[in-house]
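Shown next, in C-alpha cells, is the structure this report addresses.
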Amino acid sequence: MDAHYHPEIIEPEAQQHWEEKQIFRAVEDPARPKYYCLSMFPYPSGKLHMGHVRNYTIGDVLARYHRMKGFNVLQPMGWDAFGLPAENAAIANDVAPAGWTYANIDYMRGQLKRLGLAIDWSRELATCKPDYYRWEQWLFTRLFEKGLIYKKMATVNWDPADCTVLANEQVIDGRGWRSGALVEKRDIPMYFFRITAYAEELLAELDHLPGWPERVKTMQRNWIGKSFGVEIHFPLLPSPPGGGAGGEGRQQGEPGFEPPSVLKVFTTRADTLFGVTYVAVAAEHPLARQAAEGNPELTAFIDECKQGSVAEADLATMEKKGMDTGLVVYHPFTNEPVPVWVANYVLMGYGEGAVMAVPAHDERDFAFAEKYGLPVRAVIRPEGEASGVRRDADERDAPHASPLTPHLPYIEHGVLFDSGDFSGRTSAEAIDAMALVLKNLGLGEKRTTFRLRDWGISRQRYWGCPIPIIHCPTCGDVPVPDEQLPVVLPEDVKIDVGSPIKKMPAFYQCACPKCGGPAERETDTMDTFVESSWYYARYACPDNAGAMLDERANYWLPVDQYIGGIEHAILHLLYARFFHKLMRDVGLVTSNEPFANLLTQGMVIADTYFREAGDGKKQWINPADVETKDGVAVLKADGQPVRVGGAEKMSKSKNNGVDPQALIDQYGADTARLFMMFAAPPEQSLEWSDAGVEGANRFLRRLWKAVYEHVQAGIVQAYAGGELPPPARDFRRQLHQTIAKVSDDIERRKQFNTAIAAIMELMNALTKLEGADAATRSVKQEALEAVVLMLSPIVPHICRTLIKALKPGACMVGSPWPAADESALARDEIELMLQVNGKLRGKLRVSADAAREVIEAAALASPEVQKFMQGKPAKKVVVVPGRLVNVVV
RNA sequence: GCCCGGAUGGUGAAAUCGGUAGACACAAGGGACUUAAAAUCCCUCGGCCUAUGGCCAUGCGGGUUCGAUUCCCGCUCCGGGCACCA
C-alpha cells in the first residue's frame, strides 16, 4: 500500500477493473430481490454539468448501497437525444444535428465513466436511433387505431418574418428570438394523445404512491385540476313570457355558420350566478367573430388579441383588456340581458371559451369591471355575519366598487342574498339547487372538469421522431404499417430556417398503404417528451429487435428508485405515468405505475451573466469566464464589466452550466462525488460554489493515512467479543451508533450529507482513541473496515483500494453492508437537560433506567434549578424520558 | 398572475415525531513543526453586556404551547413549473 493517496492512479485502475470484469452487468434472476435504480437520462448538450454529477452520484450511492444489501441491481444509462438545441447548434456551427449529437454523446459518456458509476453500459440507448424510435412509432400506430391519438387544430407561436413555428423558449418579450418580429398566434393541425381519458386514473393513483414526495403529488393533483362545477347556458334570445328556455325549439343551423342558440359557460361558483354582470368570450369565439362583422374597432381588437405568445405565464401576466361586442345574452334565471364582452384573458382552448363574470366575487372579474366601469353586484356574504350588514342600501347593487364596498371582491364561500329563491342558502347548497333547476330548464347541468388538456405532440421541427402517418387524398390519415417501420429520419442534412425533411420529396413522397395511390408522409416530428416517457421500460430489453418490450420488462418494472430534478415534477413525470398506462392497456406491462419511489433532487443553480448585443439580444456568458474585481463582475478575457442576471438552474440556454471536468482532473472523481454529496441534502437546491472541495479532499487523505498507519502497524482480526478498556468500549458504542445512523440516512432519509458528517465524527474519534493493546487494535480494525465499507457507495475508488489493504483478498462490490451490533449500544448513564420555564439551566446525569420520580426529585434538588426557582413552588414538572426535565414555576 | 418549494453564524449546513440552536465542514485568526514554503497537527470562532454569569438570536409580524428552526395565520424576498427548453 502506498503511503500517499493518489486518485490519478487508483481511479483508472478501479474503473478498468469494473469494465473488464463487467461487474455491473445486470442479469435477470427471479431468485433474488431486484432493485432497479434509475436516474433521469441526460440531454447530450455537450458537457456534463454539476446537476448531472449530483443526479448520477445520488443514483450511484443508492445502487451500490442496495447491491451491498443483497439486491440484484440494475442501473442503466442512455441519452435523451432528440431536441431543439441540436438544431440551434447545427445552424450556429454548420454541422448536422445528428453528428453534433453523437459527438456529444461520445464525450459525455467518457465523462460519466470517469465518475466511476456502477452502470450496466451494455443497456445504453439513444432515443435518436431508429432501433429505439421505431417502437415509439409502432405504439403510435396502435394508439391511433384505438382512437387514443387524434388530430385537431391547436394554437402555436408563429414568427411572421421567418415563417416558422417557435417554441415558447424562442419567444422573448413577445418577439421571435432570431427575427425580432412580433409573434402571432396561429392555428395549425396537430396530433394529440388523449391523456384526458386517463385523467381520473392519473389523479386517483397518486394516492397509491407512498414513495413519492408529497409536494410532487400536490403539484400533479393541481395540474390535473379536477373540479366540480356547473355548465350554464345563457340563451341568446330572451325567454318568451310564461317561462321556458330561450332558444328552445329554434332550428339549429350547421355548426360554424349559424350561431348556437345558447352561450355555454363553465363555473365552479354557480352560487354567484345572480351576481353576473357580464359574460366574457375569447377572441376566437364564434360570437366574437359574429359581432366583429362590420365593426372595424372590434375587428382591430380581436386582431390585437392574436399578438403575443401562447405561453400561459405570458397570458396570465399581460394587461387584461376587453371590448363590448354590443351583443347580449339572457340570464337563465332572471331573463335580464347580460352584455357580452371579448376579453384577452379568456382562452378558447379552455372549457367553452367563455366565462360568466361576477366582479363582486372574483379578483380578476373585479379588476376588469373596475377598469371598464362595469357593475359590481354582491350576492354572497360570509357565513355567520348578520345579513343586514351586507344588505345596506349603500352596498347592494353597488354600480362600482367604491369605498362603500371595501370588502369586495369577497371570493370565499358564504351565504347567498339577493338571489331570488336561493337567498339564505349556503354556497354549497345553492350550487346543488341551482344545478337542479338549470337542468329542469334545459339550461345547464352539473359537470366535472379537468384542467388537464390533451397532449399535443406534433412539432414542426426536424430533429425528432417522425410521426408515422401517411396522408392520402382518398383514404385520409393512414398509419404506417408495421412492415414499413421504422420511418427513418434522414441524418445527413443541412439546417437553415425550417425543417429540411419538409423540403425533401424523397422523404415525404410515398404510396398510400391502403389504396396504393400517391400520398404524402407526415413531416412533423414528435415532442421529445414522448421518447422520455418510456425509455425506463426499454432499458429492460434494449436489444429486442422484434418487440417494443418483453418479459424482462415485467421482471425489472416498476423502477424501484427514480432520481431526477424537481423541474420535472409535472410534465415528464405525468407523461411517463400516462405512457405506462398506455403500454399496460396494449398488454406490454403488467404494473400500473412506472416509478415506485421518487427522489426529486434540488437544482444546482449558478449565477448568470450576459451582455447585450447591439440589437438588444442577450449573449450569455459562462460563470467560468467571469471574475469579480472590486465587487464588479468582469469578463476575464477583456476585463470589461458584464451584467448579472441572477442565479438560475444550470442550462445550455443561459450558458451557466459549470463543467465538473476541471474538478475531477484536479482532485479525482471520489472528491467530486464526496463533495457533492456532503454539500447539501439531495432535495435542497444548491447554489454552486467549489468552496469546500478542499475539505472533502482533505478528509479522503486523512482516511487514507489512518488506514495506512493501521496497516503499517499490522492488520489484525476485527473485534469479535471480549473485555474492552473503557475508551475502546465507548468508541465501539459510537461506531455502532454510526453504522445504524448511516444506514438509516442512506436507506430511509436519503440524507447523504449527515451520513458523511457522522462518519467524519467517527474518524475524528478514532484518531483520538489511544491504546495499542490487542483489544483496542481489534476495535480499530473493526471500525476502519466498517468506515471503508460505509463510504464505498459514495467514494468507491479509494474504498476499493483501502478494503484490499485492510482485508487482503476482499472484494469491495461483493462485501455486505456492515450491521449495527445492538449489544454495543447499551449505556449505563444518560444526560438530561434541565430547564426552568423552558430555559436551559443545567444538565443532570442519571442512570439509564431511573424512574420518573427519581429524575423529578433530582432535578428539583439540583443547584441550577434551585437558583432559578427563587424559592417559588414548582407549578408543574415536565419530564421527557431520555431528553429533559422542565420545571415550571 | 396561478400552482409548488425555500430562507438558520462570514460560507455550505445540522437539529429525523414540538424538547440542548449551530453537529460536520469551509473560510478567517492564533500557535506548533520547518532554514523557508507546502502539507500536517493544536487552539479560537453567532451577537451583545456590568463576562466563572446573563441577555438576545433560526427572513419579517402575530398566535398556539410548560417549551416553537419545527405547528397555525398574515407578509417579504429567492428558486422551480405553467403544457413547444429538457
Side-chain angles (χ1 to χ4, degrees), chain A residues 40 42-43 45 80 83-85 154 156-157 165-171 213-216 218-219 221-223 225 309-318 320 345 349 363-364 451-461 527-529 532 565-572 574-575 600 602-603 605 646-649 651-653 675 678-681 683-687 689 691-696 698-699 701-702 705 741 744-745 748-749 751 753-754 756-761 764 767 831-840 843 875-878 880 883-889:
Chain A
M40 289 181 186
Y43 176 79
S45 56
D80 187 14
L84 196 53
V156 295
N157 302 306
V165 176
L166 297 177
N168 284 333
E169 194 193 44
Q170 298 171 314
V171 180
E214 217 43 64
R215 64 164 153 161
V216 173
T218 304
M219 280 191 262
R221 278 188 197 104
N222 291 340
W223 183 262
S309 92
V310 297
E312 177 164 318
D314 294 338
L315 295 169
T317 50
M318 72 189 174
K320 309 287 177 289
Y345 66 82
E363 296 275 5
R364 194 174 56 179
R451 203 186 78 96
L452 183 70
R453 312 196 300 258
D454 276 338
W455 175 17
I457 55 99
S458 292
R459 299 290 179 269
Q460 297 67 47
R461 278 183 261 289
D527 180 0
T528 57
F529 272 125
S532 56
I566 182 67
E567 68 271 28
H568 297 293
I570 297 174
L571 290 180
H572 162 61
L574 189 66
Y575 291 147
T600 45
M603 266 153 307
I605 59 179
E648 289 184 55
K649 77 164 168 167
S651 73
K652 186 142 186 95
S653 61
F675 174 60
F678 185 57
E683 302 225 297
Q684 199 161 308
S685 66
L686 176 64
E687 198 161 336
S689 152
V693 172
E694 204 56 69
R698 195 174 297 154
F699 173 72
R701 289 200 307 262
R702 268 206 306 265
K705 193 176 155 210
K741 177 178 170 53
D744 186 51
D745 277 353
R748 181 180 63 87
R749 300 179 69 210
Q751 295 250 340
N753 56 332
T754 50
I756 295 165
I759 295 173
M760 286 176 167
E761 269 182 276
N764 290 343
T767 314
E831 194 176 48
L832 297 180
M833 299 302 120
L834 287 180
Q835 291 186 341
V836 178
N837 286 336
K839 288 202 177 202
L840 182 69
K843 291 173 185 178
K875 207 193 281 176
K876 186 175 170 186
V877 181
V878 181
V880 182
R883 289 236 181 230
L884 59 71
V885 183
N886 186 18
V887 179
V888 186
V889 296

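Hydrogens, waters and symmetry mates play no part in the numbers below; they use all other heavy atoms, side chains included. Residue numbering restarts at 1 for every chain, and letters A, B, ... go by the order of the sequence lines.
No hydrogens or angles were tested; on distance alone, nothing pairs the side chain of A/N222 with the base of B/rC3 as donor and acceptor under 3.5 Å. If you check distances only, the side chain of A/K839 never reaches the base of B/rU20 with a donor-acceptor pair under 3.5 Å.
A/T600 OG1 to A/M40 CE: the interatomic distance, rounded to the nearest 0.5 Å, is 8.5 Å. For the atom pair CD1 (A/I759) and OG1 (A/T754), the distance works out to 10.0 Å, reported to the nearest 0.5 Å.
Applying the 90° cutoff around 0 to the glycosidic angle, B/rA13 is assigned anti. Taking syn as a glycosidic angle within 90° of 0, B/rG9 qualifies as syn. Base orientation for B/rC17: syn, the chi torsion being within 90° of 0.
Using a 4.0 Å heavy-atom cutoff across all strands shown, A/A569 reaches no nucleic acid atom at all. At a threshold of 4.0 angstrom between heavy atoms, the contacts of A/V216 with the nucleic acid are absent. The residue A/R453 sits close to a base: some heavy atom pair falls under 4.0 Å. Contacts of A/P681 with the nucleic acid, taken as non-hydrogen atoms under 4.0 Å apart, involve only primed sugar atoms and P, OP1 or OP2. Within the 4.0 angstrom heavy-atom criterion, only backbone atoms of the sugar-phosphate kind lie near A/N168; the bases stay farther away. At the heavy-atom level, A/F678 lies under 4.0 Å from base atoms of the strands shown. Contact annotation for A/R883: backbone-only contact, meaning every heavy-atom pair under 4.0 Å involves sugar-phosphate atoms and none involves a base. A/H572 comes within 4.0 angstrom of no nucleic acid atom, judged by non-hydrogen atoms across all strands. A/A311 comes within 4.0 angstrom of the backbone, heavy atoms only, and of no base. Among the protein residues, A/K875 comes within range of no part of the nucleic acid, since none of its heavy atoms lies under 4.0 Å from any strand. Within 4.0 Å (heavy atoms only), A/Q460 reaches at least one base atom of the nucleic acid. Counting non-hydrogen atoms under 4.0 angstrom, A/G225 reaches nothing in the nucleic acid. Across all strands shown, A/K320 has no heavy atoms under 4.0 Å from either base or sugar-phosphate atoms. Residue contacts for A/D744: at a heavy-atom cut-off of 4.0 Å it reaches a base atom on one of the strands shown.
Comparing the same atom, C1', in B/rG22 and in B/rU58 gives a spacing of 9 Å after rounding to whole Å. Nucleotides B/rA21 and B/rA83 have their C1' atoms positioned 44 Å apart, rounded to a whole Å. To the nearest whole angstrom, the two P atoms, one in B/rG61 and one in B/rA68, are 16 Å apart. For the C1' atoms, the distance linking B/rA37 with B/rA25 amounts to 26 Å, nearest Å. Rounded to whole Å, the P atom of B/rC4 lies 26 Å from the corresponding atom of B/rA86. Using atom P as the reference point in both B/rU70 and B/rC17, the two lie 14 Å apart (nearest Å). Comparing the P positions of B/rA32 and B/rA38 gives a spacing of 15 Å, expressed to the nearest Å. On the P atoms, B/rC45 is 16 Å away from B/rU52, given to the nearest whole Å.
The backbone N or O of A/V878 sits nowhere less than 3.5 Å from a side-chain atom of A/N886 that would complete a donor-acceptor pair. With hydrogens and angles disregarded, a donor-acceptor distance shorter than 3.5 Å links the side chain of A/N837 to the backbone of A/V889. Between the side chain of A/Q170 and the main chain of A/A167, a donor-acceptor pair closer than 3.5 Å is present. The backbone N or O of A/S45 lies less than 3.5 Å from a partner atom in the side chain of A/K652, making a donor-acceptor pair.
To the nearest angstrom, P of B/rA86 lies 17 Å from CG of A/L574. For the pair A/R221 CZ and B/rC3 P, the computed distance is 16 Å after rounding to whole Å. One atom, OH of A/Y575, and another, P of B/rC85, lie 10 Å apart when rounded to the nearest Å. Taking atom CG of residue A/L571 and atom C1' of nucleotide B/rC82, one finds them 8 Å apart after rounding to whole Å. Atom-to-atom, CG of A/L315 to P of B/rG1 comes out at 15 Å; the value is rounded to the nearest Å. If you measure from atom NZ of A/K843 to atom C1' of B/rG19, you get 14 Å, rounded to the nearest angstrom. Rounded to an integer number of Å, the gap from A/W223 CH2 to B/rG80 P is 16 Å. What separates CD of A/E683 from P of B/rG80 is a distance of 17 Å, to the nearest Å.
Applying the side-chain contact (heavy atoms from CB on, under 4.5 Å) test between A/L884 and each of A/E831, A/Q835, A/K843 identifies A/Q835 as the sole match.
With sequence neighbours excluded, the residues forming a side chain to side chain donor-acceptor pair (under 3.5 Å) with A/R701 are A/N697, listed by chain and number.
The side chain of A/N886 lies closest to B/rG19, out of B/rA83, B/rC24, B/rG19.
At B/rA14, one or more side-chain N or O atoms of A/N753 fall inside 4.0 Å of OP1 or OP2 (strictly under the cut-off). Contact check, A/Q835 against B/rC66: no side-chain N or O comes under 4.0 Å of OP1 or OP2. Contact annotation: A/Q684 side-chain N/O to B/rG5 OP1/OP2 distance is not under 4.0 Å. The side chain of A/R215 contributes no N or O atom lying less than 4.0 Å from OP1 or OP2 of B/rG79. For the pair A/R701 and B/rU40, the criterion of a side-chain N or O lying under 4.0 Å from OP1 or OP2 is met. Contact between the side-chain N/O atoms of A/T528 and the OP1/OP2 oxygens of B/rA86 is found at a separation under 4.0 Å.
Heavy atoms of other residues, nucleotides or ligands lying less than 6.0 angstrom from CZ of A/R883 number 12 at most.
Mapping A/G695 and A/T767 onto RNA chain B by nearest heavy atom places A/G695 at the nucleotide closer to the 5' end. Between A/E648 and A/V693, the residue anchored closer to the 5' end of RNA chain B is A/V693, taking for each the nucleotide with the nearest heavy atom.
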